Amino acid sequence: MTFQEQILQGIPQVLPQPKPYEADINHAPKRKEILTNEEKILALKNALRYFEPQHHAELIPEFKAELETYGRIYMYRLRPDYRMYARPISEYPGKSEQAKAIMLMIQNNLDYAVAQHPHELITYGGNGAVFQNWAQYLLTMQYLAQMTDGQTLVMYSGHPMGLFPSHKEAPRVVVTNGMVIPNYSKPDDWEKMNALGVSQYGQMTAGSYMYIGPQGIVHGTTITVLNGFRKIKKSPKGGLFVTSGLGGMSGAQPKAGNIAGCVTVCAEVNPKITHIRHSQGWINEVIDNIDHLVPRVKTALANSEVVSIAYLGNVVDVWERFDQENLHIDLGSDQTSLHNPWAGGYYPMGYSFEESNEMMANNPEKFKEEVQKTLRRHAAAINKHTAKGTYFFDYGNAFLLESSRAGADVMNDHPTLGREFKYPSYVQDIMGPMCFDYGFGPFRWVCASGKPEDLAKTDQIACDVLEEMMKTAPEEIQQQMADNIQWIKGAQENKLVVGSQARILYADAEGRIKIAEAFNQAIARGEIGYVILGRDHHDVSGTDSPYRETSNIYDGSRFTADMAIHNVIGDSFRGATWVSIHNGGGVGWGEVINGGFGMVLDGTKEASRRLESMLFWDVNNGISRRSWARNEGAIFAIKRAMATQPLLKVTIPNVVDDGLLDF
């Protein structure tokens, strides 16, 4: 069968033969035993819903074995034989070009070069899933291939509910992931619902089909590192940045350190992912001996090298040894997946990677105890460095949250906020006031043709637009504009593409609209193929997350989630091709609500109208909320937006003289 024929058949009538377990693939760790016997039966019933009754007797023992061996039913035998990657849009079967674009993005999320655990349909973060099982993938691709522009596909935590009549202006796909009742949003609730096959953790861009590999966060990490050095009034050249994590999102850190121009040490315990990042060019060197790491870093600092070094081992070893050696760390952070601390997101000291995985599955209470012990040591070592002048920031991965739960010394008394973390979130100190409040966030595009030359053309178009905007940009956003122009000019030479021909660029609403319109005009002229617009959920207005995206909201509303819900509703009727809303993300299940979108540009006047309407709302929704929280940058930005758009009328807060409240 051809690729197109396989897509159109969906779940095959004749079951394929079981597939061998491929040990050389980076697999998800076994999930802990959490279902009762009755619930295991329910999980099997739920899985068998996808198959005709004549197949049930054959599949029951197989699915039962998967559940017992891996803690989930992945339906490995249904994994397609064709190569998984983002093909040119013309190679997908279908009746809707928009639906074909979504198929392209789904396959990009599951590309072996992109996905963290491709056979388990997990893109990044240890549990950020595109689907729960391979039946869902096959059925979804079939639906997309059958869809017309008068239908909408409804996705229910990885499950394709079906095609519903709608209209041309409606989203082609509406996605929800993990949207459970708040009182049932604890980590074990996710474990149970996911094992039952009724809910999944979509992370941010995994379950919304907008992941573009580590590049997706490189730009934001570069801005963070650059502004971190600006904050401590030091040049990155000859400076040292220490962090950990080389998985999906965290893999961006060494590349960002190189672009910023410092020495980066990034620890990782997983040998496979470490060597993948090294082979992809995202890390310069790999060292697995702390005795070799110390002199190498001293040499790099003495020579002001621009180099990224992966330490294959536990990051606590690095913090503790560098303290003993009095080796000064300028910037410190952590980007392990601590939103997922008990299922592979963070590993304890004193155990090998394999020993930890075995303990995680078979002795979860012991594993939790060891992780929390390590977190206490981790925080204690960081505290020693910050006492000597290190600037440490939480990278929004729940490091401080889980450390506090482990009893680590990471809390301070704040005069107005009460008990708070002693270290700021990077959004509190850097990205929030410097970028998000002004509307700058991670705008993305993917060239649907799959041609590198199309990506090069879009880079140049974006650069031209930004340089023209820079001529009249107000002083308040000159630095942001300059950083973005520098980024896009170096995008090609930094070899950021992994998977689809994609780019990320921090831009405000004006920049996003002008760049998108320039793309659409280039498509209309036949200069480039279709372009798929999107963004990270980690943005100005897509996400309500009190310890990350909205951590610099100080009016008491940072635990509310109205903004994210407003965002996805507004995008859906302003022209998005698909929209998504998730519970959970980089900081954990029950800790964040986040939404995203995708939009296909096809060179038409309708696309121009949709992009202007939707992108304006997508950004200014968040700026208005940040303005109402009395954030100075956001007040400036929303007033500027109202001056350019007479139909925009936003309530501006009145600021009280603090002296009147001194009682």
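One-based numbering along the sequence shown. Basis for what follows: all heavy atoms, side chains included, without hydrogens, waters or symmetry-related copies. Here the structure is a predicted model, which is why all the values come from computation and not from measurement.
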Checklist outcome for this item: Shortest non-hydrogen pair, G450 vs P452, comes out as O-CD, 3.5 Å
Item to check | Test item: side-chain donor near acceptor, Q107 and Y137, under 3.5 Å | outcome: yes
Next on the checklist: Quick check against the 3.5 Å criterion: does K168 have a side-chain atom that pairs as donor or acceptor with the backbone of G150?
Outcome noted: no
Checklist entry - Between D544 (side chain) and A564 (backbone), is there a donor-acceptor pair under 3.5 Å? => result yes
Checklist entry - Step by step, would you call D459 with Q492 a side-chain hydrogen bond (donor to acceptor under 3.5 Å, both in side chains)? => result CA-CA 8 Å; D459 284 345; Q492 292 285 329; 2.7 Å; yes
Next on the checklist: Is the shortest side-chain heavy-atom distance between I25 and P118 below 4.5 Å?
Outcome noted: yes
Checklist entry - Between R72 and Y74, is NZ or CZ placed under 6.0 angstrom from the six-membered ring centre and within 45° of the ring axis? => result no
Next on the checklist: Please determine whether a side-chain nitrogen of the Lys or Arg among D188 and K32 lies less than 4.0 Å from a carboxylate oxygen of the Asp or Glu.
Outcome noted: yes
Checklist entry - Pick from E120, Q116, H117: which one makes a side chain to side chain donor-acceptor pair (under 3.5 Å) with H27? => result E120
Item to check | OG1-CZ distance between T458 and R503, expressed to the nearest 0.5 angstrom | outcome: 7.0 Å
Next on the checklist: Could you check whether R574 pairs with D618 (Lys NZ or Arg NE/NH1/NH2 to Asp/Glu carboxylate O, under 4.0 Å)?
Outcome noted: no
Checklist entry - When you look at NE2 of H278, are more than 12 heavy atoms from neighbouring residues, nucleotides or ligands closer to it than 6.0 Å? => result yes
Checklist entry - Can you name the closest pair of heavy atoms from L67 and I73 and give their distance? => result CB-CG1, 4.0 Å
Item to check | H538 and N594, any side-chain heavy atoms less than 4.5 Å apart | outcome: no
Checklist entry - Salt bridge check: are E169 and R609 linked by an N-O gap of less than 4.0 Å? => result yes
Checklist entry - Does atom CZ of F164 have more than 12 heavy-atom neighbours, drawn from other residues, nucleotides or ligands, at distances under 6.0 Å? => result yes
Next on the checklist: Tell me whether H56 contacts the main-chain N or O of F51 through its side chain, where contact means a donor paired with an acceptor under 3.5 Å.
Outcome noted: yes
Item to check | Contact summary for I523 and L601, nearest pair of heavy atoms | outcome: CD1-O, 3.4 Å
Checklist entry - Do Y50 and Q136 have side-chain N/O donor and acceptor atoms under 3.5 Å apart? => result yes
Next on the checklist: Tell me every residue that passes side-chain contact (heavy atoms from CB on, under 4.5 Å) with Q151, counting only those two or more places apart in sequence or in another chain.
Outcome noted: M147, T148, L163
Checklist entry - Between the side chain of K457 and the main-chain N/O of E527, is any donor-acceptor distance below 3.5 Å? => result yes
Item to check | T205 backbone acceptor or donor facing N109 side chain under 3.5 Å | outcome: yes
Item to check | Result of checking F131, Y70, Y21, Y112 against H119 for ring-ring contact (aromatic ring centres under 6.0 Å, His included) | outcome: Y112
Checklist entry - Are any side-chain N or O atoms of N127 and backbone N or O atoms of I122, one a donor and one an acceptor, separated by less than 3.5 Å? => result no
Item to check | K19 atom NZ, over 12 foreign heavy atoms within 6.0 Å | outcome: yes
Next on the checklist: If you count every heavy atom of other residues, nucleotides or ligands that lies below 6.0 Å from E365 atom CD, does the total exceed 12?
Outcome noted: no
Next on the checklist: Would you say S96 and D149 are linked by a side-chain donor-acceptor pair, where the criterion is simply a distance under 3.5 Å?
Outcome noted: yes
Item to check | L246 side chain reached by N270 side chain, heavy atoms, under 4.5 Å | outcome: no
Next on the checklist: Tell me whether the count of non-hydrogen atoms from other residues, nucleotides or ligands lying under 6.0 Å of CD in Q13 goes above 12.
Outcome noted: no
Checklist entry - Parallel under 30°, tilted from 30 to 60°, perpendicular over 60°: which one fits the rings of Y201 and W190? => result perpendicular
Item to check | Pairing of E97 and K100 as salt bridge, 4.0 angstrom limit | outcome: yes
Next on the checklist: Parallel, tilted or perpendicular, judged at 30° and 60°: which one describes the rings of Y156 and H159?
Outcome noted: perpendicular
Checklist entry - With distance as the sole test, does N46 use its side chain to make a donor-acceptor pair with the main-chain N or O of L196 at under 3.5 Å? => result yes
Checklist entry - Are there more than 12 heavy atoms of other residues, nucleotides or ligands under 6.0 Å from atom NZ of K495? => result no
Next on the checklist: Around atom NZ of K64, are there more than 12 heavy atoms from other residues, nucleotides or ligands closer than 6.0 Å?
Outcome noted: no
